Amino acid sequence: MKKRFISIILAVLTVITMTLCLSGCKKVDDNFPVTIGHTEIPDRPKNVAVLSDNLADIILYMDEFESQICAISDSCTQTDLTKYLESVGSETNPSIDDLERSGAEYVLTDTPLSDKIIEKLESKGMTVLNFMVPENDKQLQTIYNSLGTFFGGKPDGKQTADAAYSRLFTTLEAAVKETEGSNIVKVACYLYLNEDGKLCTFNGSDCNGMVLDYIGAVNVASNFGSEIVDTNILNLSKPDYIFFDDPEVLNFLRSDEQLSKLSAVKENRTLMIPKENLERMGETLIETQKSMLGFIYDIIPNGEVTPDEADAKSYAEDYGITITDTMYQYLDDAEDIKIIQQRLMDLGYLVLEDNTPTTYFGQKTETAVRDFQDANGIESTGIVNRTTLNKLFLSTTLSVTGQPVEPPKKPATTPEATEPTNPSSSLTPSNDPNKTYDIDLTLRKDFEVNYDEGFEDVRVIQERLHDLGFFTPEEDYYTNIYGNQTAESFKLFEAANGLEVDGIASYEDLLVLFPNNNPNQ
């Protein structure tokens, strides 16, 4: 009896001990539950799908909740997310199956989903939270607080959000203060094309484009009544710098009779920044401001010049280039680009076919410029500004192998050397109806030449258009770039010959342009 009594006592003690241990081991999150809008979040979310690129950008900027994201949409292109997360489709029409496979408990968006999609998501056990698109600073702060509270609860998550929001504007304001020493008023604007092909801008009516308020420049668009650009005001405002969405916008500006005369366009003071970068209110906002400030003010990190650079010789004159404020960037076509490419090749940053530089600033050149800037402590924009030019042609600038590179020695001047080396530089239209051209049409049935593409046969196309009276090349020489002038000339040829007028040199168009080369004749 005594042994049985002792056994019962021991059993009771064991149960009590286990209960105390389990209750002590259970971690209670005092930050939850919380309510976001009308939705109660009972526990800390573990798997969250984020469909909005702006929301994703803010979450990344808070720097605490990234591990809770399990899926993204096509709109979320931040490398910190795309490197390990698969897309579940578009922001407005995500794949329900992919979202379910991701294990998402919640789906965050700022673009309303259809009732049908929401119903399907809820049937799979997923809760949709729709955030507003901020129109002012107060609403932006509300979004920060809501996201922080959602991911981290109260008070911890909200404190994280408050700190991130404060850090955002402190960083923006501190960076723009670096420009206060300039006594010259800078004028700038941002341009993009809407779905109807109309030129648009950010005029400060909402938070999109907010970065333009933090670049130490007057935003031309603040005088616009809507997002549609008033070209008359734009012309009168004469922006010193133009930021634009994609190559189509730059083509639009260069093709417009009035806008092409703006000094910013003529002198290449234009910088391409994707439109979505101006619609994100987190880490991307800071990076976009850096790019814009570096472009406008040519800001050098720390503003320091080493003693070696102060005493260095410039090779610019030896190469035949004058260093000015003119900027060179992707899609530009200028004689100085040849010299820039040559110096990049000499330093080992650029490899071109046949080691022959061109006047065209293509993707290879942009990549080489970025690599050079990264290696030399310059803001990596891919744009050749004064800072980059100065560094590029300094005698102390080292090659990729760590060696200084002197400019190539100029050949001795001889009568032969002074003769034109470009056989196309003497431009006299040919009236020979039997003239043939060195172009292999038989290999181009599935090929076409479009705007901003570069091929050797473009020179031949230009020559043929010139012989027919449709094309007069600038500076009396042909190029291998199918630029705006070539495309417009080709449209004239197409119209005159009853072809589809699109400015694209298709196989069928080329057969008409070069009848003596037609393999079927």
Side-chain angles (χ1 to χ4, degrees), residues 34-37 50-65 75-76 78 91 108-112 129-180 186-192 200-227 243 245 273-293 296:
V34 294
T35 301
I36 306 299
V50 182
L51 305 184
S52 160
D53 59 337
N54 182 38
L55 297 180
D57 213 60
I58 293 173
I59 295 165
L60 289 176
Y61 189 63
M62 290 185 191
D63 199 29
E64 282 195 19
F65 310 123
S75 299
C76 306
Q78 295 88 345
E91 183 175 354
L108 310 187
T109 183
D110 58 11
T111 302
L129 274 72
N130 187 27
F131 290 76
M132 62 183 168
V133 175
E135 296 183 358
N136 50 55
D137 296 353
K138 186 176 181 180
Q139 290 184 1
L140 179 60
Q141 186 174 20
T142 299
I143 292 175
Y144 264 78
N145 285 335
S146 297
L147 284 172
T149 302
F150 168 77
F151 279 97
K154 288 182 180 180
D156 292 353
K158 185 178 184 303
Q159 289 174 355
T160 297
D162 288 339
Y165 184 80
S166 177
R167 184 174 75 251
L168 178 75
F169 282 91
T170 299
T171 304
L172 290 172
E173 291 166 358
V176 79
K177 280 183 179 179
E178 295 184 30
T179 69
E180 291 180 354
K186 309 282 188 177
V187 180
C189 65
Y190 185 90
L191 302 174
Y192 64 93
C200 297
T201 186
F202 293 114
N203 62 358
S205 59
D206 54 30
C207 279
N208 290 340
M210 180 177 68
V211 67
L212 295 168
D213 297 330
Y214 293 91
I215 58 173
V218 176
N219 183 7
V220 171
S222 60
N223 296 318
F224 296 170
S226 70
E227 66 174 13
F243 302 98
D245 179 28
I273 298 179
K275 179 172 175 278
E276 59 263 27
N277 286 16
L278 278 80
E279 298 174 332
R280 295 173 174 175
M281 307 298 160
E283 184 64 38
T284 303
L285 181 63
I286 301 298
E287 293 303 316
T288 301
Q289 184 202 34
K290 287 181 182 178
S291 297
M292 289 183 166
L293 287 176
I296 294 178

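Note that the structure is a prediction, hence the values are computed from the model and not measured.
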Q.
Would the distance check show the side chain of Glu276 and the main-chain N or O of Asp53 forming a donor-acceptor pair, the cut-off being under 3.5 Å?
A. no
Q.
Test your reading of the model: is there a side-chain donor-acceptor pair from Asp110 to the backbone of Phe131, 3.5 Å cut-off?
A. no
Q: Indicate yes or no: at least one non-hydrogen side-chain atom of Thr284 is less than 4.5 angstrom from one of Glu279.
A: no
Q | Contact check, side chains of Asn277 and Ser291, non-hydrogen atoms, under 4.5 Å | A | no
Q | Side-chain donor/acceptor of Glu64 to backbone N/O of Ala161, under 3.5 Å | A | no
Q) Do the side chains of Leu278 and Thr288 get nearer than 4.5 Å, heavy atoms only? A) yes
Q.
If you apply the rule side-chain hydrogen bond (donor to acceptor under 3.5 Å, both in side chains), what do you find for Asn203 with Ser205, and how did you get there?
A. CA-CA 6 Å; Asn203 62 358; Ser205 59; 2.9 Å; yes
Q: Check whether any side-chain heavy atom of Phe151 lies under 4.5 Å from a side-chain heavy atom of Leu108, and answer yes or no.
A: yes
Q.
I'd like to check Glu283 versus Gln78 (side-chain heavy atoms, cut-off strictly below 4.5 Å). Are they in contact?
A. no
Q. For Ile143 and Pro134, which heavy atoms make the closest approach, and how far apart are they?
A. CD1-CD, 3.5 Å
Q. Of the non-hydrogen atoms in Asp137 and Tyr165, which two are nearest, and what is the gap between them?
A. O-OH, 3.0 Å
Q) So, Asn219 side chain and Asp213 main chain: donor-acceptor pair closer than 3.5 Å or not? A) no
Q: Over all heavy atoms of both residues, which pair between Tyr144 and Ala164 is shortest? Give the atoms and the distance, please.
A: CE2-CB, 4.0 Å
(Q) Any side-chain to backbone donor/acceptor pair from Tyr214 onto Thr171? Under 3.5 Å, distance only. (A) no
Q: State, to 0.1 Å, how close Leu285 and Asp57 come at their nearest heavy-atom pair, and which atoms those are.
A: N-OD2, 4.1 Å
Q | Heavy-atom pair with the smallest gap, counting every atom of Met281 and Cys207 | A | CE-O, 3.0 Å
**Q.** Chi angles and distances behind the side-chain contact (heavy atoms from CB on, under 4.5 Å) call for Leu212, Met292
**A.** CA-CA 9 Å; Leu212 295 168; Met292 289 183 166; 4.0 Å; yes
**Q.** Over all atoms of both residues, closest heavy-atom pair of Val34 and Lys154
**A.** CG1-N, 3.7 Å
Q) When rounded to the nearest 0.5 angstrom, what is the spacing between CG in Asn54 and OG in Ser75? A) 11.0 Å
Q: Quick one: do Leu51 and Thr111 satisfy side-chain contact (heavy atoms from CB on, under 4.5 Å)? Show the steps, please.
A: CA-CA 9 Å; Leu51 305 184; Thr111 302; over 6 Å; no
Q: Evaluate the side-chain contact (heavy atoms from CB on, under 4.5 Å) criterion for residues Met210 and Phe202: first the C-alpha distance (whole Å), next the side-chain angles of each, then the deciding distance (0.1 Å), finally the verdict.
A: CA-CA 8 Å; Met210 180 177 68; Phe202 293 114; over 6 Å; no
Q: To the nearest 0.5 angstrom, please state how far the CD1 atom of Ile59 sits from the OG atom of Ser52.
A: 8.0 Å
Q: Go through the steps for Phe243 and Ile296 under the test side-chain contact (heavy atoms from CB on, under 4.5 Å), then give the verdict.
A: CA-CA 10 Å; Phe243 302 98; Ile296 294 178; 3.9 Å; yes
Q | Value rounded to 0.5 Å, distance of CD1 in Ile36 from CG in Asn145 | A | 9.5 Å
**Q.** Close side-chain approach of Phe169 and Leu140, heavy atoms under 4.5 Å
**A.** yes
Q: May I ask you to test the Thr160-Phe65 pair for a side-chain heavy-atom distance under 4.5 Å?
A: yes
(Q) When you measure from the centre of the six-membered ring of Tyr61, is the NZ or CZ of Arg280 closer than 6.0 Å and no more than 45° off the axis? (A) no
Q.
Between Val133 and Asp206, is there a side-chain heavy-atom distance shorter than 4.5 Å?
A. no
Q. Got a second to check how far Thr149's OG1 is from Lys158's NZ, nearest 0.5 Å?
A. 6.5 Å
